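Remember, it's a predicted structure, so these values are computed and weren't measured experimentally. Throughout, residue positions are numbered sequentially from 1 according to the sequence presented.
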Amino acid sequence: MTAKSQTEVTYEFLRSEVLNGLYEPGSKLKIDAVRAQCNASPGAVREALSRLTSDGLVVALPQRGFIVTPISAEDLADLTKVRIEIETRCLTDAIKFGDITWEGRIQDTLHQLKGTPLQRPDGTQGVNREWSRVHAAFHDALIDACGSKWWLNLRDRMFTQAERYRRLLATTTGKPRDLLSEHAAIAHATLDRDVDAACRLLRDHLQATADHLLASEALSYPDVAAMEDQ
């Protein structure tokens with residue numbers, strides 16, 4: 001295995017583990033432990049961690065190494081506000097420029113969502129990884145015809161950060177949501193080219209996830225500023 005492929009494999013492994021909450025926010029990422037898990041060189045691990053730092057999923061602390069980026073209620077509220085602005089802008093342009101192929105992607109990913117269970121097949125607590133993959137593909141399909149690589153770049157960064165929070169929902173309790181109906185309503189308004197309705201439904205969908213988490217105790221993790229002062 002080349003150094004480049006080691007880095008890519010290690011990066012993809014760590015990214016998946018962080019997004020799925022298997023490394024808790026604020027926890028330390030030890031190079032030797034990651035190296036053993038991925039059968040990679042120390043250099044490949046460091047490069048992968050540097051890429052994750054650029055993604056905003058990992059923080060490099062001076063003289064302390066790397067930790068998983070902490071989360072907080074304040075960060076989630078700010079992230080959601082900015083994400084809604086970006087997502088609805090992308091959706092507005094996608095509705096304007098999208099063609100029949102784009103419409104087909106939306107219909108196809110919505111159909112996949114309908115056929116993919118949210119819960120894990122083995123019955124353990126947490127979200128089914130296949131559902132998370134299809135869910136991401138659905139939201140990608142909604143806006144991928146917006147026509148601007150820079151808006152899409154910003155949107156992808158916000159989506160990745162939001163995924164860390166969304167996957168915490170499996171550990172919370174609260175009023176049940178009919179996620180399939182929410183996604184279907186967004187898709188139908190988008191395909192009807194109803195910009196106002198589609199953006200409103202998407203905004204409500206994203207805000208509902210944030211509100212659910214903000215009302216829970218799922219965000220009680222260490223604060224990175226406090227760690228940097230230690």
Given salt bridge (charged side-chain N to carboxylate O under 4.0 Å, His left out), test Arg193 with Glu103 step by step and report yes or no.
CA-CA 10 Å; Arg193 309 286 175 149; Glu103 292 179 356; 2.7 Å; yes

Are the side chains of Arg51 and Val58 in touch, meaning some heavy atoms are under 4.5 Å apart?
no

For the student: nearest non-hydrogen atoms of Leu142 and Ala187, plus distance:
CD2-CA, 4.4 Å

Heavy-atom pair of closest approach, residues Pro70 and Pro25:
CA-CB, 4.0 Å

Could you please spell out the steps behind the side-chain hydrogen bond (donor to acceptor under 3.5 Å, both in side chains) verdict for Thr69 and Arg164?
CA-CA 10 Å; Thr69 301; Arg164 300 183 65 217; 4.8 Å; no

Does Ile31 belong to the same Ile/Leu/Val/Met/Phe/Trp/Tyr cluster as Tyr11, with side-chain heavy atoms less than 4.5 Å apart forming each link?
yes

Would you compute the distance between atom CD1 of Ile71 and atom CG of Leu79 and round it to the nearest 0.5 angstrom?
11.0 Å

So do the side chains of Ser41 and Arg35 get within less than 4.5 Å of each other, counting heavy atoms only?
no

Got a sec, which residues hit side chain to side chain contact (heavy atoms under 4.5 Å, CB included) with Phe13, two or more places apart in sequence or on another chain?
Glu17, Tyr23, Gln37, Cys38

N/O donor-acceptor pair under 3.5 Å between Asn128 side chain and Glu130 backbone:
yes

I'd like to know if the side chain of Trp102 and the backbone of Ala94 have a donor-acceptor N/O pair within less than 3.5 Å.
no

Look at the aromatic rings of His139 and His135 and report parallel, tilted or perpendicular, splitting at 30° and 60°.
perpendicular

Tell me whether Leu29 shares a hydrophobic cluster with Ile67, the cluster being built from Ile, Leu, Val, Met, Phe, Trp, Tyr side chains joined at under 4.5 Å.
no

Transitive ILVMFWY side-chain link Leu202 to Phe159, under 4.5 Å
no

If we only count heavy atoms from C-beta on, is the Arg89 to Ile143 side-chain gap below 4.5 Å?
no

Report yes or no: does Thr88 contribute a side-chain atom to a donor-acceptor pair with the main-chain N or O of Cys199 at less than 3.5 Å?
no

Could you check whether any side-chain N or O of Thr190 sits under 3.5 Å from a backbone N or O of Ile186, counting only pairs where one atom can act as donor and the other as acceptor?
yes

Kindly indicate whether the side chain of Val34, heavy atoms from C-beta on, has any atom under 4.5 Å from the side chain of Thr10.
yes

Single-linkage hydrophobic cluster Val134~Leu179, side-chain heavy atoms < 4.5 angstrom:
yes

Donor-acceptor contact below 3.5 Å, side chain Gln161 vs main chain Asp55
yes

Backbone N/O of Ile106 and side chain of Thr109: donor-acceptor pair under 3.5 Å:
yes

Is the shortest side-chain heavy-atom distance between Thr160 and Leu57 below 4.5 Å?
yes

Taking the side chain as every heavy atom from C-beta outward, state whether His205 and His183 have any pair of such atoms under 4.5 Å apart.
yes

Using distance alone, with no hydrogens and no angle criterion, decide if Thr116 and Arg133 have a side-chain donor and acceptor under 3.5 Å apart.
no

If two hydrophobic side chains count as joined below 4.5 Å and joins carry through other members, does Met158 share a cluster with Leu214?
yes

Grab the two heavy atoms, one from Ala210 and one from Thr80, that are nearest each other, plus how far apart they are.
CB-OG1, 3.3 Å

Quick one: salt bridge (Lys or Arg N to Asp or Glu O under 4.0 Å) pairs with a partner in residues 139-162, sequence neighbours left out?
Glu87-Arg155, Arg105-Asp144, Asp140-Arg155

Tell me, with the steps shown, if Arg15 and Glu12 meet salt bridge (charged side-chain N to carboxylate O under 4.0 Å, His left out).
CA-CA 5 Å; Arg15 185 178 187 277; Glu12 293 294 340; 5.3 Å; no

Ion pair Arg166/Glu163, N-O distance below 4.0 Å
yes

Going by side chain to side chain contact (heavy atoms under 4.5 Å, CB included), Ile95 matches just one of Asp93, Thr92, Leu91. Which one?
Leu91

Tightest non-hydrogen contact, residues Cys146 and Phe97, listed as O-CD1, 3.5 Å

Heavy-atom pair of closest approach, residues Val45 and Ala40:
CG2-CB, 4.3 Å

Does the side chain of Asn39 come within less than 4.5 Å of Gln6's, by heavy atoms?
no

Sequence neighbours excluded, which residues qualify as side chain to side chain contact (heavy atoms under 4.5 Å, CB included) partners of Asp178?
Leu180, Ser181

Flag side-chain contact, heavy atom, 4.5 Å: Thr53 against Val59:
no

